[in-house]
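Note sheet for the following structure.
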Amino acid sequence: MAVTRIDCDIHPAVGGTRTTLLPYLSDHWKEQVVSRAIDGLDLTSYPPSMPFSGRSDWRPTNGTKPGSDLAMVQKGAFDQLGASHAILNVLYGAQAVFDAYMAADFCKAINDWIDAEWLSRDPRLRASIVVPMQAPDLAIEEIERRASDNRFVSILVLAQGETLLGRRHFWPVYQLAEKYKLPLAIHAGTQYRQAPSSAGWPSHRYEYYFVEAQAFQAQILSLIYEGVFGKYPDLKVVLMESGVSWLPAFMWRANKTWRGVRVEVPWVEREPAAIIRDNFRVTMQPFDAPGDAKSVEEIIDQMGSDKMFLFASDYPHWQFDGDDPIPPHLPKSIIAKMCVDNPLETFPRLLLN
């Protein structure tokens, strides 16, 4: 099948721990799940019943979670929204539980479930490796276990974890990511170890989702200023569901501040904006820009690169209405690159057998 439009961010839903993952867990955790009645581990970042988590026409009529039915996902992502290929990113509580051993076994189960019940049933699908960043050594074991399967094309982590992603104890993960050509996909979501806002806990879900941009900004700065790209210059980082319009001002401010205090980080030898253009990519849903063509063109121009943009629908999350996930007023040259060329450059394993 010809590659015409690669959807870089769709979300299959884990129906439940006992109903979906139990066959893929180790014997110990099978017993624990049953005896402790562990079932719903959905991230509070994406409560299944909240309208944002599933557009009304993408919700199964039997009351199950949006994104939990393969046939419905195929119809929505491929037939309705026009993707030729799609990358599955599973958001589930395995990324957030405190017990690192439980997290590791649940991440393994999720990856095995995605392999058996999604990737093996549709050759158009690819997936991110879900890893337990609570314990980088266990994350490394899971990456090594899945690295030989080219249908897994990236490594999925949450935007808000226990510590910033640039810290050195995460570097062995990035070493493997660079080695196996697996970009680091940072997706909106939180482990709820700290307040989602830099100024404290919000009262409403709306506030939490809006301040997610702060988490992405903090992760960008951490990865750059801790020196990750000096050590691993070929590492690509994909910001998923981060929004886009805040990036130009952030890049300008990062450059300005770096010029004034760069003596503190002499290993950062280039302007942060240049590193962002080379090493970071961003999915184009949600595209939080003003609704006029001039404003959109200005944002694109200010970012200074046509390689940064990746087509994504964020199915089944409710980011737009209708059948066209491509944001309005984008230049045609950007659309052509973000649908095929940029994803293939960002995810080198996409078309490997």
- Item | Enclosure of Arg253 CZ (heavy-atom neighbours >12, cutoff 6.0 Å) |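 No, the 6.0 Å shell around CZ holds no more than 12 heavy atoms from other groups.
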- CZ/Phe210: more than 12 non-hydrogen atoms of other groups inside 6.0 Å: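 No, the 6.0 Å shell around CZ holds no more than 12 heavy atoms from other groups.
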- Using links of under 4.5 Å between side-chain heavy atoms of ILVMFWY residues, direct or through other members, which residues join Leu138 in one cluster?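 Besides Leu138, the cluster holds Tyr101.
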Could you check whether [X] pairs with [Y] (Lys NZ or Arg NE/NH1/NH2 to Asp/Glu carboxylate O, under 4.0 Å)?
X	Y	result
Glu345	Arg281	yes
Lys108	Asp105	no
Asp112	Arg145	yes
Asp278	Lys307	no
Lys294	Asp292	no
Asp234	Lys181	no
Glu178	Lys231	no

Given the rule that I, L, V, M, F, W and Y join up when any side-chain heavy atoms are under 4.5 Å apart, are [X] and [Y] in one cluster?
X	Y	result
Leu164	Ile220	no
Leu239	Val211	no
Met102	Met133	yes
Trp318	Trp58	no
Ile87	Leu344	yes

- Message: Go through it in stages, so that I can follow the logic: the residues are Phe229 and Phe280, the test is ring pair (Phe, Tyr, Trp, His ring centres under 6.0 Å), and I'd like the CA-CA distance, side-chain angles, deciding distance and then a yes or no.
- Response: CA-CA 11 Å; Phe229 300 106; Phe280 286 84; 5.4 Å; yes
- Message: Would you compute the distance between atom CD1 of Ile110 and atom OG1 of Thr20 and round it to the nearest 0.5 angstrom?
- Response: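 Between Ile110 CD1 and Thr20 OG1, I get 10.0 Å after rounding to 0.5 Å.
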Is it the case that the side chains of [Y] and [X] hold a donor-acceptor pair, with the cut-off being a distance below 3.5 Å and no angle test?
X	Y	result
His187	Glu241	yes
Asp7	Ser313	yes
Glu226	Trp171	no
Tyr180	Gln175	no

- Parallel, tilted or perpendicular for Trp246 and Phe250, by the 30°/60° rule?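 Aromatic pair Trp246/Phe250 classed perpendicular.
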- Query: Once the angle between the rings of His11 and His317 is folded into 0 to 90°, is it parallel (under 30°), tilted (30 to 60°) or perpendicular (over 60°)?
  - Reply: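 Parallel: the ring planes of His11 and His317 meet at under 30°.
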For residues [X] and [Y], report the shortest heavy-atom separation together with the two atoms involved.
X	Y	value
Gln95	Val131	CG-O, 4.4 Å
Leu235	Asn279	O-ND2, 2.9 Å
Ile326	Met338	CG2-CE, 3.9 Å
Ile186	Gln219	CD1-CB, 4.4 Å

- Item | Residues forming a side chain to side chain contact (heavy atoms under 4.5 Å, CB included) with Pro272, sequence neighbours excluded |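 If we apply the side chain to side chain contact (heavy atoms under 4.5 Å, CB included) test to Pro272, skipping adjacent residues, the hits are Ile224, Tyr225, Ala254, Asn255, Trp258.
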- Message: Test your reading of the model: is there a side-chain donor-acceptor pair from Arg126 to the backbone of Leu351, 3.5 Å cut-off?
- Response: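 Checked: no pair found.
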- Sub-4.5 Å side-chain heavy-atom contact between Phe309 and Leu330: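 No, their side chains stay 4.5 Å or more apart.
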- Can you tell which of Met284, Arg55, Gln285 makes a side-chain contact (heavy atoms from CB on, under 4.5 Å) with Gln319?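 Answer after filtering Met284, Arg55, Gln285: Gln285.
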- Hey, could you give me each pair passing side chain to side chain donor-acceptor pair (under 3.5 Å) that has a residue in residues 152-166? Not counting sequence neighbours.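 Counting only pairs at least two positions apart or across chains, the side chain to side chain donor-acceptor pair (under 3.5 Å) contacts touching residues 152-166 are Ser128-Ser154, Gln160-Glu212, Glu162-Arg193, Thr163-His169.
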